[in-house]
Amino acid sequence: MKITKKRWIEAQKEELRLSSIEINSSYYEFMYANIAELMGIDFEQDFIGKTIIEIGPGPLGVTLLTEGFYEATIIEPLIDGWDPEYRAYYEEKNIKIETTPYETLKIGEVDETWFFNVLQHVIEPEAQLKKAKQNSKVVRIFEPINYPIEKAHPHLLTKELFTDIFGEDFGNFYRGGTIPNFHSADCYYGTWVKDS
């Protein structure tokens, strides 16, 4: 399931083009509010004192809406492709910015790692999930599944990608279009917690 660096760069260029057409903060807030409701989490209350890594959040990640964390880092190779104001939003909230792909990044243990609509855009989804499982106390996922491969989306994700790594009982299915103006694609989501 790994793609070449060349294919990844092509996909990144296309994703930057598509994501730069219109950046709408209200849409991002609406999207994250729906994810929070489906997953039963409160970004303002549930992560106080936590260390968080958010993978590929785009110009307006959910860490910007998260309160009270001890330390947060975004892994976003495209951050400098958008207007400088988006980097400034993260910096103003003391969120660290890393542009190295997560697969190759050296990191220690964190409380939480988040994958929200990003795994179709990475070099190797399976490697990212396994790394997060190894280095995190909690892994949270909300990802489209069975969405066709195209220029900006070089991977087709399936339920089995997640259950093979996190166990047969992991996750829930969201039928695309169930919530108006939210994900039109079918999605898989869930929270994995490391045994203590």
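Atom set for the values below is all heavy atoms of this structure, side chains included, hydrogens, waters and symmetry mates excluded.
With sequence neighbours left out, T99 forms a side-chain hydrogen bond (donor to acceptor under 3.5 Å, both in side chains) with no residue at all. Legend: residues meeting side chain to side chain contact (heavy atoms under 4.5 Å, CB included) with K6, ordered by chain and number and at least two apart, are T4, E10. Partners of F116 by ring pair (Phe, Tyr, Trp, His ring centres under 6.0 Å), not counting sequence neighbours, listed by chain and number: W114. Residues that satisfy the side-chain hydrogen bond (donor to acceptor under 3.5 Å, both in side chains) test with K130, not counting sequence neighbours, are E126. Residues satisfying the side chain to side chain contact (heavy atoms under 4.5 Å, CB included) criterion with A127, sequence neighbours excluded, are E103, E124. Under the ring pair (Phe, Tyr, Trp, His ring centres under 6.0 Å) criterion, F142 pairs with F182, H183, Y189, not counting sequence neighbours.
Every pair tested for salt bridge (charged side-chain N to carboxylate O under 4.0 Å, His left out) that includes a residue from residues 35-44 fails, sequence neighbours excluded, so the list is empty. Within the structure, the ring pair (Phe, Tyr, Trp, His ring centres under 6.0 Å) test picks out the following pairs touching residues 117-136 (sequence neighbours left out): H121-H153. For residues 26-35, there are no side chain to side chain donor-acceptor pair (under 3.5 Å) pairs, not counting sequence neighbours.
Taking the ring centre of F173 as origin, the terminal cationic atom of K159 falls outside the region bounded by 6.0 Å and 45° from the ring axis.
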Check your understanding: After noting the C-alpha distance and the side-chain angles of F166 and L129, does the key distance pass the side-chain contact (heavy atoms from CB on, under 4.5 Å) rule?
Key -> CA-CA 9 Å; F166 297 107; L129 291 169; 4.0 Å; yes

Practice item. Please test L64 against Y90 for side-chain contact (heavy atoms from CB on, under 4.5 Å), starting from the C-alpha separation and ending with a verdict. Key: CA-CA 7 Å; L64 292 171; Y90 290 105; 3.7 Å; yes

Practice item. List the steps, then state whether side-chain contact (heavy atoms from CB on, under 4.5 Å) holds for K194 with V138. Key: CA-CA 6 Å; K194 185 175 284 186; V138 176; over 6 Å; no

Practice item. Evaluate side-chain contact (heavy atoms from CB on, under 4.5 Å) for F170 paired with E168, printing each intermediate quantity in order. Key: CA-CA 6 Å; F170 174 81; E168 284 299 317; over 6 Å; no

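Atom CG of N117 is separated from atom CD1 of I35 by 7.0 Å, given to the nearest 0.5 angstrom. Summarising the geometry, atom CD belonging to E85 is positioned 12.5 Å from atom CD belonging to E91; distances are rounded to the nearest 0.5 Å. Within the model, atoms OG of S184 and CD1 of I179 stand 12.5 Å from one another, a figure rounded to the nearest 0.5 Å. Note that the OH atom of Y147 and the CD atom of E143 stand 13.0 Å from one another [nearest 0.5 Å]. Put simply, CZ on F115 and CD on Q128 are 5.5 Å apart, with the number rounded to the nearest 0.5 Å. For the atom pair R87 CZ and D83 CG, the distance stands at 13.0 Å (nearest 0.5 Å).
Side-chain N/O atoms of T63 and E54 include a donor and acceptor closer than 3.5 Å.
The hydrophobic cluster containing L18, built from Ile/Leu/Val/Met/Phe/Trp/Tyr side-chain heavy atoms closer than 4.5 Å, also comprises I21. Residue I123 is found in a hydrophobic cluster whose other members, listed by chain and number, are I3, W8, I9; membership requires side-chain heavy atoms under 4.5 Å apart, directly or through intermediates. Within the hydrophobic cluster formed by Ile, Leu, Val, Met, Phe, Trp and Tyr side chains joined at under 4.5 Å, directly or through other members, L156 is accompanied by I149.
Across all their heavy atoms, T66 and F69 have their closest contact at O-CE2, 3.5 Å. Shortest non-hydrogen contact noted between G190 and M39 is O-CE, 3.4 Å. Across W82 and G58, no two heavy atoms sit closer than the pair CH2-CA, 3.6 Å.
Salt-bridge annotation for E112 and K137: absent, with no side-chain N of the basic residue lying under 4.0 Å from a carboxylate O of the acidic one.
Within 6.0 Å of atom NZ in K93, more than 12 heavy atoms from other residues, nucleotides or ligands are found, so the atom counts as buried in its surroundings. Summarising the local packing, NZ of K133 is surrounded by more than 12 heavy atoms from other residues, nucleotides or ligands at distances under 6.0 Å. Heavy atoms from other residues, nucleotides or ligands lying under 6.0 Å from CG of N181 number 12 at most. Counting heavy-atom neighbours within 6.0 Å of K96 NZ, excluding the residue itself, gives a total of 12 or less.
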